[in-house]
Number of protein chains: 2
Amino acid sequence: MYSDGVPKLWNETIEAHRNSVREAILDATAALVAEHGPLSVTMSQVAEAAGIGRATLYKYFPDVESILAAWHERQIGEHLAQLSDAAEQPGDPSERLQAVLERFALISHQHIGDHSTDVAAFLHRSEHVAGAQQRLHGFVAELLAEGAASGDLRDDVAADELAGYSLHALTAAGSLPDQAAVRRLVQVTLAGLRPTDTPVEPSTRAAGKTRSHHQPHRHHRSEST
Amino acid sequence: MYSDGVPKLWNETIEAHRNSVREAILDATAALVAEHGPLSVTMSQVAEAAGIGRATLYKYFPDVESILAAWHERQIGEHLAQLSDAAEQPGDPSERLQAVLERFALISHQHIGDHSTDVAAFLHRSEHVAGAQQRLHGFVAELLAEGAASGDLRDDVAADELAGYSLHALTAAGSLPDQAAVRRLVQVTLAGLRPTDTPVEPSTRAAGKTRSHHQPHRHHRSEST
DNA sequence: GATTGATGGCGACACTTTGTATCTCAAAGC
DNA sequence: GCTTTGAGATACAAAGTGTCGCCATCAATC
């Protein structure tokens, strides 16, 4: 039937089945989270909603947290795919960056109520979850590094840190009422990324842990070009 | 009725006691969350950790979600107090704003691992929780409105939206390694708030005066991630 | 100072959820 | 046909949940 080069031909169909069941579990979980919140999700509910026996569920995931982690990974993965798509559109780096950030903001805005993006915050070992999240961060950081190299963006702060800034700032889109507001948010966020005439001072002061406000900046209102 | 000066003296001591027990519950919850994550917190564990009977716990809170909500409220309240303190320091509006934002960023940075600020994301009725969070948002929005009025900050975007932007952007401090990075983040965030020569309004660039198309919207959602 | 009333704390009970061990069955491979 | 492999359901012990009712305590009243 199949190519006999593969020793585990039977394994392929079973893998496909497991995958479909897994997807059903994740879908059911998403629905339950959207309805009752992540805290009240139980293995029993998930099993019933997914249409499988409860004991069977344990053959896929050991506990609720693992399910939520997997769900979160899937979500981020999908988002990352959309962002990659947006990044591949033609245009100069600045335009592409804007397209990516706007895409991300719109995704965040789309998922209000659904806690998919926020889930990472309360999974205990957030570091474990960091898989897709890391890739997302790295992806944005790379774009930002490009922009900094071409002079479109500020280079006085590491692209890594700017990526964190951007991603967090744009999650504010989840609280916004409409897409026009989302676009304004993207503009504001981008404004924070552009080169400044008052760059962050590198190290005029030694390593001190005092909190007190450092020297006041006199910033000019004109940010020409 | 002997002493009519203080009719409910008994009520005061009992209230004090209830408050202390309540604080103990919240402290115990915080410890449990820090150790095992919010998902695995149970009423039994909280009761034992707080040193009270489980049934007694139900006289204070009906379920885990309520406890987490109360804990979150307390945290935000404390943060708000610190921010108010920072805002009352002398200085011009711009300096005060920077002090407040830096304080907030440092608080976010301080609480890495502890999910106190992230909890709002997964409480089901986040709108219910929004009490202190709303005040925090309004507090920052007010500062931003001041800055916009004095010309130190951009006025092409509603202070309301800028507040959401700022608070979200600064939560990125939770992922930063040291305080120097936190200060850089504050600078980047502030850069997004300053006036720009390319305001967000699509048209209406005729005169130097911008018409505010956007009216302040009313409803918000969860604030932190 | 004894009684009454109201309130906090806790033991106990019935019920649900959890995690696992065991069993059955369907399909691939010989 | 017979064996093997693994998915899926049933069964059970342990833990968690929500509630009722009893007791101790303290304020207020006689």
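Proteins get letters first, then strands, A, B, ... in listed order; numbering begins at 1 in each.
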Asks: Could you state the interatomic distance from CG (B:Leu167) to OG1 (B:Thr189), rounded to the nearest 0.5 Å?
Replies: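 Spacing of CG (B:Leu167) from OG1 (B:Thr189) equals 10.0 Å.
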
Asks: Using atom CG of A:Leu39 as one end and atom C1' of C:dT17 as the other, report the distance to the nearest whole Å.
Replies: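 Answer to the nearest Å: 16 Å.
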
Asks: My understanding is that only residues two or more places apart in sequence, or in another chain, count here; which of them pass side chain to side chain contact (heavy atoms under 4.5 Å, CB included) with A:Ala105?
Replies: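 Side chain to side chain contact (heavy atoms under 4.5 Å, CB included) check on A:Ala105 returns A:Leu170, A:Ala173, A:Val182, A:Val186.
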
Asks: A:Glu88: which residues meet the side-chain hydrogen bond (donor to acceptor under 3.5 Å, both in side chains) condition with it, sequence neighbours left out?
Replies: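 A:Glu88 satisfies side-chain hydrogen bond (donor to acceptor under 3.5 Å, both in side chains) with no residue once adjacent residues are dropped.
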
Asks: In this structure, how many angstroms lie between the C1' atom of D:dA7 and the OH atom of A:Tyr60, rounded?
Replies: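 It works out to 7 Å between those atoms.
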
Asks: Name all residues meeting the side-chain hydrogen bond (donor to acceptor under 3.5 Å, both in side chains) criterion together with A:His137; count only those two or more places apart in sequence or in a different chain, and write none if there are none.
Replies: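 Residues passing side-chain hydrogen bond (donor to acceptor under 3.5 Å, both in side chains) with A:His137: A:Asp160.
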
Asks: Does C:dT7 have its OP1 or OP2 closer than 4.0 Å to a side-chain nitrogen or oxygen of B:His17?
Replies: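 Answer is no, no contact under 4.0 Å.
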
Asks: Could you check which of C:dT20, D:dG18, D:dG8 has an atom nearest any side-chain atom of A:Tyr58?
Replies: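 For the A:Tyr58 side chain, the nearest candidate turns out to be C:dT20.
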
Asks: How many whole angstroms separate atom CD1 of A:Ile25 from atom P of D:dA7?
Replies: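 These atoms are roughly 11 Å apart.
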
Asks: Please report, rounded to the nearest Å, how far the P atom of D:dT17 is from the CD atom of B:Glu65.
Replies: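 Going from CD in B:Glu65 over to P in D:dT17 covers 14 Å.
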
Asks: Rounded to whole angstroms, how far apart are CG on B:Asp63 and P on D:dG18?
Replies: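 Result: 7 Å.
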
Asks: Could you state the CE-C1' distance from B:Met43 to D:dT19, rounded to the nearest angstrom?
Replies: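 In whole Å, D:dT19 C1' lies 12 Å from B:Met43 CE.
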
Asks: Could you pull out all residues at least two apart from A:Glu95 that satisfy side-chain hydrogen bond (donor to acceptor under 3.5 Å, both in side chains)?
Replies: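 None.
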
Asks: Side chain of A:Ser44 only, please: which of D:dT17, C:dG8, C:dT17 is the nearest?
Replies: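 It is C:dT17.
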
Asks: Could you tell me how far apart A:Arg18 (CZ) and C:dA26 (P) are, to the nearest whole angstrom?
Replies: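 Value for this atom pair: 20 Å.
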
Asks: Tell me every residue that passes side-chain hydrogen bond (donor to acceptor under 3.5 Å, both in side chains) with A:Gln110, counting only those two or more places apart in sequence or in another chain.
Replies: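 Counting only residues at least two positions away or on another chain, A:Gln110 forms no side-chain hydrogen bond (donor to acceptor under 3.5 Å, both in side chains).
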
Asks: Going 5' to 3' through nucleotides 10-16 of chain C, assign each nucleotide B (protein heavy atom under 4.0 Å from a base atom), S (under 4.0 Å only from sugar-phosphate atoms) or - (no protein heavy atom that close).
Replies: BBB----

Asks: Output the distance between atom CG (A:Leu136) and atom CD1 (A:Ile76), rounded to the nearest 0.5 Å.
Replies: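 Atom-to-atom, A:Leu136:CG and A:Ile76:CD1 are 6.0 Å apart.
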
Asks: Whole Å only: how far is the CG atom of A:Leu57 from the C1' atom of C:dG19?
Replies: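 Result: 11 Å.
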
